[in-house]
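Down below is the structure, laid out as structure tokens.
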2 protein chains.
Amino acid sequence: MADSSTQVRPGGRSAKVRAAVHRAVAELLAEEEAEALTLPAVAARAGVHPTTLYRRWGSTAQLLNDVATSRFTGDLVVPDSGSLAGDLQRWLADVATDVADPDTLAIMRAAIGSGPAGGCACTEDRHRQLGAIIRREQDRGGAALDVESAADFLLGPLYYRAIFTPEPASPDWARTLVSTYLATLRTP
Amino acid sequence: MADSSTQVRPGGRSAKVRAAVHRAVAELLAEEEAEALTLPAVAARAGVHPTTLYRRWGSTAQLLNDVATSRFTGDLVVPDSGSLAGDLQRWLADVATDVADPDTLAIMRAAIGSGPAGGCACTEDRHRQLGAIIRREQDRGGAALDVESAADFLLGPLYYRAIFTPEPASPDWARTLVSTYLATLRTP
DNA sequence: CCACTAACGCAACGATCAGTGCGATAATTT
DNA sequence: AAATTATCGCACTGATCGTTGCGTTAGTGG
């Protein structure tokens, strides 16, 4: 980790291999079953030698963690509509559309199954984004919301439907979710 | 499915094998990593020949589905405290304690990672239990709640914290969750 | 108690996976 | 441009997985 004796080299070739491997993981999870995601299979799909995967990632669990974090980080723009309700509604609707995609769900499922850190990798950046929205409302002079409880009431139902129920939530439903959540804050 | 040419035989030996295999799956998921859950490994732990697992379940995905459904079905008693709030609070607190157990979480994670049906297997009976609580309130003359939306607001945050955040929710937090949910119903 | 057969154990096989040593390639620094 | 070395490809090996055919055990109904 902090071993500076070996300097990292993120140049052209490594980046291309990384991108090809990530794409191969997403494609395999979209087509085949989850058990088919072995390192040799990913290597063959990516046009890379299996040894490379064994050395760079070591196991499918670490590979899935890497794929999940890079897939669910920086993919959504945090909106600035001028009001908290508008920001939350637009953002949560984007999250809903993202989470309604079957291929995206396959990545999330595989990441969750790879270990305790897999689920966190899917929502860490979502929490950061929600924190940014809430902080901006504070700068406007609005209420100081708790990020964790907001995540519970907004992301909770959304991800629950996506993972634990047959059909995921719609963007419209996400917007009504924001409305009812903000209503509970006004009437404690 | 409806093929009655082969009659099922759930007698003593089959039941013992099934129980031993289920216990072996739970133990392996509690100790080793998720990738270590192969059919030969489960067979060795259960004291059963691997061929039996290949024939009865075929793959780890179907085995995990079977384990999840039997683990999360009929394990909680639906309370009858006389009031909707009491029933929900007692029940959701039990769900919270169940979902806070690391071994239980490992089974859930593995089931989710095995495919789209894995997550449903973990919550199908929870929905039935919630439906029973709501139906009883109706019989008392109370409000007619929607089971799906109740699951969204009660089970959603609970399972979200369990799967997507480092530390799961506590039973006390589950009780406050019920209070705030019932408050939103009174002030629409 | 006897016949029937579902379910299990056993042995063997090909296929695939996981890992290692070594040389080649290319990114980075001087 | 040359030297350095992180990174990748290749060939090879042992271990493990997934599957099949066949005999044995033990539930189930007559």
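In this text, all values refer to a predicted model and were calculated from it rather than measured experimentally. To find a chain, count down the sequence lines: A is the first, B the second, and so on, and within it residues start at 1.
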Point to revise | Integer-rounded Å distance: C:dC17 P and A:H49 NE2 | key: 13 Å
Check your understanding: Between B:R161 and B:W173, is NZ or CZ placed under 6.0 angstrom from the six-membered ring centre and within 45° of the ring axis?
Key -> yes
Point to revise | Pair A:S179-A:Q89, side-chain donor/acceptor within less than 3.5 Å | key: yes
**Study point:** Among D:dC10, C:dA11, D:dC17, the nucleotide that comes nearest once only the side chain of B:T51 is considered
**Key:** C:dA11
Point to revise | Rounded distance (Å) that lies between atom C1' of D:dC8 and atom CZ of A:R18 | key: 17 Å
Check your understanding: Just how far, in rounded Å, is P of C:dC8 from CG of B:L53?
Key -> 9 Å
Exercise for review: Measure from the side-chain heavy atoms of A:Y54 and tell me the nearest of C:dC17, C:dC8, C:dC10.
Suggested key: C:dC17
Check your understanding: Going by atom types alone, do B:S83 and B:R140 pair a side-chain donor with an acceptor below 3.5 Å?
Key -> no
Check your understanding: Separation of A:E35 atom CD from C:dC17 atom P, in whole Å?
Key -> 12 Å
Practice item. Could you check how far CG of B:L39 sits from P of C:dT16, rounded to whole Å? Key: 18 Å
Check your understanding: Can you tell me how far C1' of D:dG9 sits from NZ of A:K16, to the nearest Å?
Key -> 17 Å
Revision key, fill the gap. Ranking B:R55 and A:R55 by the position along DNA chain D of their nearest nucleotide, the one closer to 5' is A:R55
Practice item. Nearest 0.5 Å please: distance from the CD atom of A:Q62 over to the CG atom of A:L53. Key: 12.5 Å
Check your understanding: Under 3.5 Å, is there an N or O donor on one side and an acceptor on the other linking the side chain of B:R13 and the base of D:dT25?
Key -> yes
Check your understanding: Hey, what do you get for CG (B:L177) to CG (A:D152), rounding to the nearest 0.5 Å?
Key -> 7.5 Å
Point to revise | OP1 or OP2 of C:dA7 under 4.0 Å from side-chain N/O of B:R56 | key: no
Exercise for review: Find the distance A:W57:CH2 to D:dT7:C1' and express it as a whole number of Å.
Suggested key: 11 Å
Practice item. Hey, which sits more toward the 5' end of DNA chain D by its nearest nucleotide, B:T38 or A:G47? Key: A:G47
Exercise for review: May I ask you to verify if any side-chain N or O of B:S14 is less than 4.0 angstrom from the OP1 or OP2 atom of C:dA6?
Suggested key: no
